[in-house]
Amino acid sequence: MRYISTRGNAPILSFEQAMLSGLARDGGLYVPEQIPNLDFKSIAAMQGQSYEQIAYTVMRPFIGDTFTDNEFRGCIDRAYAGFNHAARAPLVQLDQGHFLLELFHGPTLAFKDFAMQLIGQMFQTVLARRGDRVTIVGATSGDTGSAAIEAFRGLDSVDLFILYPHGRVSEVQRRQMTTPVGTNLHALALDGDFDDCQARVKDMFNDLKFRDDIGLAGVNSINWARVLAQVVYYFSAAVALGAPLREVSFTVPTGNFGDVFAGYIAKRIGLPIDKLVVATNQNDILHRCLNGYGYYKGETIPSISPSMDIQVSSNFERALFDAYDRESNTVTGLMNELKGRGFNVSEGAMQALQEIYRSGRVSEAETTAQIAATFKESGELLCPHSAVGVKVANDQRVTKTPMVTLATAHPAKFPAAVEDATDICPSLPSSMADLYERTERLTRMPNDLAVIIKHIKENRSQ
Ligand SMILES: *Cc1c(COP(=O)(O)O)cnc(C)c1O
């Protein structure tokens, strides 16, 4: 299995190399040269299997010879052993034909744990074998950072620096990043928004000398290994609802487009997905784009679903790459235009995108109303991101095909929004009950590349 860059100007890599490097050296994103197919029988055989077994079947063809079969099974088993639900990603019924896929039973209570826990195990296995170490730098709008910090806690071959937008993450998210104890873990509060954090990380990856000097690696949602890990729960959910004999639709609360892109990959592998619906909050660049209005940036407006407060969705480049028939020169041109206001999508590419993705946008008031309505109708407490998904799913679902809405975080991660809507303050699971008493450790950073680079050089372990 070989991985190529969306911009066509970086070395072709193995899974191991693509995982360790994150962003391609030409600024592009790695994608598999070909998508392996699972036939009807292989998917049917997943019925009744454990999450780990399904994970192995789905991901094995993408791994190439990076791991032996046993190594890879070990990584998967260790990654999900710490989840506090036997099904890992359980389905809960909301209504006739509408199901919630609960992706918040991992250590930091959000779906990012699915990918990050596995990445931690895979990095550890590869680096231990090489006798190597890396410095990981990541940007987060909240949940990636805590998931990464949990995943790399105690892994001494990795120094981890996480940039998050100061004052723009929830208190639970912040505390999950600033309270874990480990000399290799560094939470950096940047004076800026998530797009600034993401831009500074991109700058560091594009500084090829710095990149090589410190062995820079990335675990942001641009890392192919993260997308891959997220493909698995589309299979486990669809198979539980009758696939491959029956089509299933998914609605995905979307920010950086990693999660919904994983759904597209599941479809390409052979899972019978009918509709794949992108749900955005008021930061709706994707919704506008998928409705034919071009991909144009605006201001990021803080919302009650902060993990979706972005204006540029980095994984959308992968979708564009396929929509433009993998013409890397065209994609490179579009990404250059994106340094300005944005760009128009060609008619052909637009058609290709609309064949796969639908979309909906949800206002702040509608989000709050949906949290209240779902609680009243089914007794389920939704986090605001999941509520954005449920609202869009309700608008788009049809009776014949089951709709699965991804519940991306536990309601207790966003207690203010939930309490506002329901008068109920959701409580944290017992493993996290003392989170508000733990000591915080963080460094404030100006939005200044040179200062950030200096800090990283001085504070990594070697
Ligand atoms: C990251 C995140 C999202 C957005 O997922 P993308 O893969 O970036 O589209 C949605 N909800 C929550 C709770 C998240 O943490």
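Side-chain atoms are counted along with the backbone in the values below, which use heavy atoms only and exclude waters and symmetry mates. Atoms within each ligand, like the ligands themselves, are counted from 1 in listed order. From a predicted model like this one, the values you see are computed outputs, not experimental measurements.
Atoms NZ and CZ, on K297 and R341 in that order, are 10.0 Å from each other to the nearest 0.5 Å. Atoms CG and OG, from L286 and S313 in turn, are 3.5 Å apart once rounded to the nearest 0.5 Å.
Protein heavy atom in closest approach to atom 9 (O) of ligand 1: G255 N, 2.8 Å. What sits closest to atom 12 (C) of ligand 1 on the protein, heavy atoms only, is T408 OG1, 3.4 Å. In terms of protein heavy atoms, atom 5 (O) of ligand 1 is closest to F111 CZ, 3.4 Å. Atom 7 (O) of ligand 1 has as its closest protein heavy atom D259 N, 2.9 Å.
Ligand-side atoms of ligand 1 in range of T254: 9 (O), range being under 4.0 angstrom from any heavy atom. Per-residue contacts place M308 under 4.0 angstrom from the following atoms of ligand 1 (heavy atoms of the residue considered): 10 (C). Near A409, meaning under 4.0 Å from any of its heavy atoms, are these atoms of ligand 1: 13 (C). Taking every non-hydrogen atom of F257 and a distance limit under 4.0 Å, the qualifying atoms of ligand 1 come out as 6 (P), 8 (O), 9 (O). For ligand 1, the atoms sitting less than 4.0 Å from at least one non-hydrogen atom of P253 are 4 (C), 10 (C), numbered in the order shown with element in parentheses. Under a 4.0 Å criterion applied to the non-hydrogen atoms of D143, ligand 1 contributes the atoms 12 (C), 13 (C), 14 (C), 15 (O). Set against the non-hydrogen atoms of G258, the atoms of ligand 1 under 4.0 Å away are 6 (P), 7 (O), 9 (O).
Contact record, Y324 with V345: OH-CA, 3.4 Å, taken as the closest heavy-atom pair.
Taking the six-membered ring wherever Trp is involved, the centroid distance between the rings of Y293 and H287 does not fall below 6.0 Å. The aromatic ring centroids of F83 and Y51 lie 6.0 Å or more from each other. Checked against the 6.0 Å centroid criterion, the rings of F114 and Y233 qualify as a close aromatic pair. Aromatic rings of F62 and F15 (six-membered ring for Trp) have centroids beyond the 6.0 Å cut-off, not under it.
Relative ring orientation between Y357 and Y264 is described as tilted, the plane-to-plane angle lying within the 30° to 60° band. Note: Y295 and F343 have tilted aromatic rings, judged against thresholds of 30 and 60 degrees for the angle between ring planes.
Every N/O-N/O distance between C383 and ligand 1 stays at or above 3.5 Å. The distance criterion of under 3.5 Å between nitrogen or oxygen atoms is not met by F414 with respect to ligand 1. Of the N or O atoms in K112, one or more lie within a sub-3.5 Å distance of an N or O in ligand 1. Taking distance alone, with nitrogen or oxygen atoms compared against 3.5 Å, A110 stays at or beyond that limit from ligand 1. Considering backbone and side-chain atoms together, H385 places no N or O closer than 3.5 Å to any N or O of ligand 1.
For the residue pair N315 / R318, a side-chain donor-acceptor distance below 3.5 Å is found, with atom types taken as modelled. For the residue pair R88 / H105, no side-chain donor-acceptor distance below 3.5 Å is found, with atom types taken as modelled.
Comparing T140, D113, N256 against atom 8 (O) of ligand 1, the shortest heavy-atom distance belongs to N256.
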